[in-house]
Amino acid sequence: MTDLLESLNSAQRAAVTAPDGPVLVVAGAGSGKTRVLTTRVAWLLEHGVYPSQVLAYTFTNRAANQMKERVATLVGETNAPFWIGTFHATGARILRSHADRLGLARDFAIYDTDDQKRLLKNVFADLNVDAKQFAIPAARAAISTWKNEDDSPEQARSKAKTFVEETYVKVYEGYQKALRACKAVDFDDLILETVHLLETCDDVRDLYAGKFRHVLVDEFQDTNALQLLLVRLLSSVHGNVFVVGDDDQSIYGWRGARVENMLEFEQHFPGTHLYRLEQNYRSVGIILDAANALIANNKRRKGKNLWTEAARGDPISVEEHLDAEDEAARVVEIVRREQSLGRERGDITVMYRTNAQSRLLEDALRRARVPHQVVGSVQFYERREIRDLLAYLKLTANPADEVSLQRIINQPKRKIGDTTVSRLLACAREHAIAAGDLVMRSDLLRDALGPAAAQRVLQFLGQLAAWRRDAADGKPVPALLERIIADIQYEAFLRDDEPETALGRLENVAELLNGAHAFHEAADGGTLVQFLEQIALVADQDAIRDGEGAVRLMTVHTAKGLEFPVVVVTGCEDDLLPHATSSDTAAGVEEERRLFYVALTRARTRLYLLHAARRRRYGAYEDSLPSRFLGEIPAELCERRQIDHGWRLPPPRTASADADRYSASAIAGRRARSPASSWDRDVAQVSPFYEGQTVVHASFGAGTVVRVEGAGDDLEVTVEFLDHGRKHILPRFAPLHPVD
DNA sequence: GATCGATGATTTTTT
DNA sequence: ATCATCGATC
């Protein structure tokens, strides 16, 4: 067991070997948090705890898999019955085992955000709520908030103050009924119903609270009220709760996460042992200093002092670009530059606040033929053709799933319109028969629909019945999916429907089939319900493949918990980071600051912070100010550059606007508007050229930069031209252009 | 019931 | 700017 602890520092070792009872580990960024958690599990196992007695919660499935692997490596056992997973996945597992106790169907479907919205659309219609007046996404969010605070519709009603809230309460009630009629639960239910199960069924609570002798939680700062309640229920017998987190990295407040869970942990669990990990093993000194200085501006925090023994490293590049297109072009340059310095593409990650920003970056990288991978965002499973096929599978697994039925009953076209679908669903409800099962009551259908429509519906339901028999007979998921694709002639449909995009879509279909095969092999003949559950819960964040040699693009939220040698943060602008919707409250800005802190602390050795002077919003350009957070980073840690707008940029789109923008008075105005910051101190005019860059000269043609000297008007660049050898160029006189 | 074109909302982050 | 939804027309 000494081996286990050997490579740990004293604080880490103390945490790993903490006595039984509640333990809180406050772990700064890069301080070996995951390591402590995994080693703790291994240490417990070496001290007589069985794998089946350990329950470990992680924030993502990716983290869960990683942890399973690491623990397995430490203890040399790969098939131990660990319960390591997200709150949602673990909830689903418990609920499936005891669904009957809550009046749930064992094969319940799991509805994601898109399914929820579709269902809400129906609920709005049933309740005569005007979707123009009361937004569906807002209703969804309200319901989610209620569920995360453990409020039933009745409790929500007593809290509702405005007419709008009361309407949403009505919708909540109708939604919950409709959801159960579809034999479905939503994401929030996976936790909420687990809590209800443990609260109402003493025997079940004793079962799990007794079975798990140790409950561990990663990323505790991002747990919500419900999750805390669940942890308390599960540890009610033994009190062995081991949680790890960093209050400075709490970035899910909008999802109900409460830093208070961490700040007030000792009140919830008296007798807590507290450990602090403050030595950072990830970042070079300059980056760590920048992050520390930034986060010191937050008031609500436990406070810590991260330090490192690592070298200082290079200054942080803080760069202004004219617009988002230029910014994207610069990202390509950075990738090239870093590669010329011997870095792998896979070492470089580009981050942004909103998913919408990824598109321009992707375009630029694609044009430059730089292999790249967008992590998250428009996820594979959100593509239309994939969702359609999954809806076929979902309906096969669960004929009560009205949302899936509505999605595909006329896709491909079967001449079944909205009117027919409404009548079909009404008929199903009236007779309390799942819509998919009405095939057995063709008499009812003929009464409800009229002969022609009934005929078409029956034909479709007949197909569905055949697939259901296949599934019941244990036909493997890949074979079932292949059969469905063949039966509905999906490939032909895709080709005819939209020939331009058909190829890509067919590739996606093939990819889904691959996934089904992989599942079948890995799960050793898993069931259809298991396949669907895995897809519902496992976002393709897990698709982060190591060593693929691709530049990775992701939101800052997605990057949480990861680290990369080189990080480029784009869009460091006010109203984007901090985002406009969070800028009006102090708490909002503090969460955005934590988000920026997460971004900075992902970087090991090299950090670029980019911002554009203007950016398109809803089609039209709007001016952007540098993020206020940039001003909170000490100037001496940065190398700030303002690309020379004069000659580097394409001709101004509106000459007067550009002239205005960069006039002395415009800059003075911006200074006056922005908070007093170090930002304006030295906006040096630094060269846009760097060694190794490919450039074009009017008379010498293409070449490679070998040396850059001076700045501004004295800039002097040495270029090795392909046809004319080595020359000294003064860009002030002889235009030299970077090649993108 | 399907198709085309106009209209209006949309952008915060995810299990 | 782009996408989804809605309405009018076939």
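Because the structure is a prediction, the values reported are computed rather than measured. By convention in this document, chain letters (A, B, ...) are assigned in the order of the sequence lines, proteins followed by strands, and residues within each chain are numbered from 1.
At the phosphate of dT15(B), neither OP1 nor OP2 sits under 4.0 Å from any side-chain N or O atom of Thr113(A). Between dT14(B) and Thr555(A), a contact under 4.0 Å exists linking OP1 or OP2 to a side-chain N or O. Taking only side-chain nitrogens and oxygens, Asn355(A) comes nearer than 4.0 Å to OP1 or OP2 of dT14(B).
Distance OH (Tyr618(A)) to C1' (dA9(B)): 8 Å, rounded to an integer number of Å. The CE-P distance, from Met554(A) to dT14(B), rounds to 11 Å in whole Å. Look at CG on Leu226(A): it is 18 Å from P on dT15(B), rounded to the nearest Å. One can place CG of Asp112(A) at 11 Å from P of dT15(B), the figure rounded to the nearest angstrom. Atom C1' of nucleotide dT15(B) and atom CD of Glu533(A) are separated by 13 Å, given to the nearest angstrom. Following rounding to the nearest Å, Arg140(A) (CZ) and dT13(B) (P) show an atom-to-atom distance of 12 Å. Rounded to a whole Å, the OH atom of Tyr57(A) is 17 Å from the P atom of dT15(B). Taking atom CD1 of residue Ile191(A) and atom P of nucleotide dT14(B), one finds them 17 Å apart after rounding to whole Å.
Trp254(A) qualifies as a stacking partner of the dT13(B) base, centre to centre under 5.5 Å and near-parallel within 30°.
Residues satisfying the side-chain contact (heavy atoms from CB on, under 4.5 Å) test with Arg387(A), not counting sequence neighbours, are Asp112(A), Asp114(A), Asp115(A), Glu382(A), Arg407(A). Residues passing the ring-ring contact (aromatic ring centres under 6.0 Å, His included) test with His579(A): none are found, sequence neighbours excluded. Remark: Thr38(A) engages no residue in a side-chain hydrogen bond (donor to acceptor under 3.5 Å, both in side chains) (not counting sequence neighbours). Residues satisfying the salt bridge (charged side-chain N to carboxylate O under 4.0 Å, His left out) criterion with Arg96(A), sequence neighbours excluded, are Glu533(A). Taking the salt bridge (charged side-chain N to carboxylate O under 4.0 Å, His left out) definition, one finds that Arg300(A) meets it with Glu260(A), sequence neighbours left out.
Without hydrogens or angle criteria, Arg255(A) side chain to Asp222(A) main chain gives no donor-acceptor distance under 3.5 Å.
In this structure the side chain of Met554(A) reaches within 4.5 angstrom of the side chain of Met351(A), judged on heavy atoms.
Thr354(A) comes within contact range of the sugar-phosphate backbone alone, with a heavy-atom separation under 4.0 Å but no base atom that close.
Side chain of Arg359(A), nearest nucleotide from dC3(C), dT15(B), dT11(B): dC3(C).
Nearest-nucleotide positions on DNA chain B place Arg617(A) closer to the 5' end than the other of Arg617(A) and Asp188(A).
For dT11(B) and dC6(C), the C1' atoms lie 23 Å apart once the distance is rounded to whole Å.
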When every nucleotide of nucleotides 1-8 of chain B is labelled 5' to 3' by its protein contacts under 4.0 Å (heavy atoms), B for base, S for sugar-phosphate only, - for none, what sequence of letters results? SSS-----
